[in-house]
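Beneath this line is the structure, given in structure tokens, with notes to follow.
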Amino acid sequence: MAHFVIVGAGECGARAAFALREKGFDGDITLIGAEALHPYERPPLSKETLAEQPEPKFVASAERYGEQRIALRLGTHAAGIDPAAKLVRLSDGQVLGYDKLLLATGASARPFPGSAGVGGNIRVLRTHADASALRSALRPGRHIAIIGGGFIGLELAATARKLGADVTLVEGLPRILKRGVPEEIAAIVAQRHRDEGVDIRCNVRIAGIEDRAEGAAIHLSGGEAISADLVLVGIGALPNVALAEEAGLAIDNGVAVNEHLEASVADILAAGDCCSFPLALYGGRRVRLESWRNAQEQGTLAAANLLGERASISAVPWFWSDQYDLTLQIAGLADGAATTLKRDLGDGAFILFHLDEAGRLLAASGIGRGNAVARDIRLAEMLIAARAHPDPQALAASHVKLKSLLAA
Ligand SMILES: Cc1cc2nc3c(=O)[nH]c(=O)nc-3n(C[C@H](O)[C@H](O)[C@H](O)COP(=O)(O)OP(=O)(O)OC[C@H]3O[C@@H](n4cnc5c(N)ncnc54)[C@H](O)[C@@H]3O)c2cc1C
């Protein structure tokens with residue numbers, strides 16, 4: 001009987017395991033996860049998990065794995081792969097043979113350069129254990145200093161304010177959300193944080209960080225020190241590629257896979273945050289996405305391709321972030337856009353459409369309260385997928401339904 005091994009029991013690996021069964025695979029499935037917990041969702045870690053619900057939000061109940069005959073090896077690290085002999089060596093010394101192998105090893109929080117890593121009062125936020133360690137610092141009278149004005153840092157800032165902690169956020173670039181978020185939207189997010197009492201400082205140069213017996217400090221290059229009860233380093237994530245690299249797989253900002261998620265070595269696929277892939281929709285440009293929906297979609301696609309379907313990646317990149325009552329959604333990739341058009345949706349909500357020189361819709365970025373932009377971003381996504389060249393005037397005119405542009 002065929003044996004498929006999946007390394008990485010996160011969103012992507014778990015989805016792939018269930019999708020194999022949904023597609024009728026009857027062989028053996030082993031899902032190996034370094035974390036002790038059953039696969040859980042990471043997006044709540046910077047949102048509800050900290051604020052309201054400390055328990056992890058599991059991808060599926062523990063029983064479901066048994067019902068679906070998915071052998072879970074939790075708290076176990078895949079320590080080596082021998083692609084010639086088709087073997088995976090585990091941290092407990094056991095060796096598993098595989099017919100097909102899926103790497104869904106995800107990413108890890110990027111440590112602050114030169115720092116020893118996580119510990120004490122200097123923290124990162126990637127796992128449920130990280131979130132649990134942060135919770136005690138998020139209460140009135142506490143001060144948390146965040147390095148990095150990206151999504152993780154900003155979501156944590158919003159949650160910390162909600163819980164009554166003081167927040168200082170430092171960013172090295174001239175503005176927050178510089179990577180992938182239009183300035184007009186980033187300015188609204190920044191203003192909202194300031195209105196909520198977050199001290200945002202941009203263009204900041206950090207000389208070093210210091211863990212102290214009580215609290216921690218960020219030392220700025222001008223000599224000033226920002227002292228806090230806790231420092232959160234939120235400067236991005238690095239793909240977990242050590243296992244693949246050691247096995248001789250091609251690496252290019254992640255495990256390099258083709259449009260079918262196949263790695264450079266036979267019978268090994270990679271999916272989710274750990275891999276980079278060519279995106280046909282954008283001229284075959286190689287990208288790596290860190291997004292919940294991408295992890296799910298690629299898990300499903302990997303299952304199909306483990307079964308030999310050789311389906312291609314076609315999904316439009318999509319990402320969301322919740323901060324206070326604001327939700328931001330981005331579909332597509334805006335790099336290379338020549339024109340930006342704005343569509344007002346009322347109550348402060350709006351969408352920016354990004355078009356290339358030929359008028360093709362490349363991306364749409366929206367912001368509003370709750371799910372104010374959700375429906376129109378979904379329609380924009382369909383236009384992006386169709387490589388549409390919508391009438392610019394109609395795109396910007398809020399009374400023209402986006403659905404009608406899709407039909408056109
Ligand atoms: C705090 C936070 C908030 C987020 N919020 C959003 C959001 O609002 N919107 C959004 O779209 N996305 C969000 N994301 C991103 C989203 O959660 C990720 O893109 C998604 O979890 C990626 O899934 P994955 O399975 O590819 O990787 P991961 O979730 O990283 O899972 C990989 C798993 O593999 C394990 N592993 C690694 N190496 C090995 C090994 N050698 N042996 C065994 N196991 C191994 C890891 O321990 C990990 O459990 C957020 C992420 C974080 C951390």
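As the structure is a prediction and not an experimental result, all values here were calculated from the model.
R161 places a side-chain N or O within 3.5 Å of a backbone atom of E196 that can act as its donor or acceptor partner. Side chain of D356 to main chain of G359: a donor-acceptor pair is present (N/O by atom type, distance under 3.5 Å, no hydrogens or angles). Checked by atom type and distance alone, the side chain of R360 never pairs as donor or acceptor with a backbone atom of L362 at under 3.5 Å. When atom types are taken as modelled, the side chain of D195 and the backbone of R192 share no donor-acceptor pair closer than 3.5 angstrom. R126 contributes a side-chain N or O that, together with a main-chain N or O of A107, makes up a donor-acceptor pair within less than 3.5 Å. Side chain of T105 to main chain of C274: no donor-acceptor pair is present (N/O by atom type, distance under 3.5 Å, no hydrogens or angles). With hydrogens and angles disregarded, a donor-acceptor distance shorter than 3.5 Å links the side chain of H260 to the backbone of A311. In terms of modelled atom types and a separation under 3.5 Å, the side chain of N121 and the main chain of G215 share a donor-acceptor contact. Distance alone, capped at 3.5 Å, places no donor-acceptor pair between the S91 side chain and the A79 backbone. In this structure a side-chain-to-backbone donor-acceptor pair under 3.5 Å is missing from R110 to G236.
Contact annotation: the side chain of P317 approaches that of Y282 to within less than 4.5 Å [non-hydrogen atoms, C-beta and beyond]. Inter-residue side-chain proximity for L402 and F353 is flagged as met; some heavy-atom pair is nearer than 4.5 Å. Taking the side chain as every heavy atom from C-beta outward, I6 and I70 never approach each other to under 4.5 Å. Side chains of L326 and I367 form a contact here, defined as non-hydrogen atoms less than 4.5 Å apart. A heavy-atom distance below 4.5 Å is found between the side chains of W318 and Q329. N371 is not listed as a side-chain neighbour of T327, based on a closest heavy-atom distance of 4.5 Å or more. With a 4.5 Å cut-off on side-chain heavy atoms, L156 and I144 count as touching.
Here CG of L249 is found 11.5 Å from SG of C275. Values are rounded to the nearest 0.5 Å. Here the straight-line distance linking atom CG of L134 with atom CG of L232 works out to 5.5 Å at 0.5 Å rounding. How far CG of L289 is from OG of S276: 10.0 Å, rounded to the nearest 0.5 Å. Note that NZ of K100 and CD1 of I29 are 13.0 Å apart. Values are rounded to the nearest 0.5 Å. Taking CG from D211 and CD1 from I122, the interatomic distance works out to 4.5 Å, rounded to the nearest 0.5 Å.
Using modelled atom types, one finds a donor on one side chain and an acceptor on the other under 3.5 Å when comparing Q323 with S321.
Sparse packing is recorded around CD of E357, with 12 or fewer heavy atoms of other residues, nucleotides or ligands lying under 6.0 Å away. In the displayed structure, R69 atom CZ is contacted under 6.0 Å by more than 12 heavy atoms of other residues, nucleotides or ligands.
Ion pairing between a basic and an acidic side chain is recognised when a charged N comes within 4.0 Å of a carboxylate O; R42 and D273 show no such pairing. A salt bridge is defined here as a Lys NZ or Arg NE, NH1 or NH2 lying under 4.0 Å from an Asp or Glu carboxylate O, and K178 with E171 fails to meet this definition. A salt bridge links E297 with R293; the closest basic N to acidic carboxylate O contact falls under 4.0 Å.
Ring orientation note: the planes of H128 and Y40 are nearly perpendicular, at an angle over 60° on the 30°/60° scale. Taking the six-membered ring where tryptophan is involved, the planes of H38 and F58 are perpendicular, since the angle between them exceeds 60° and thus also 30°.
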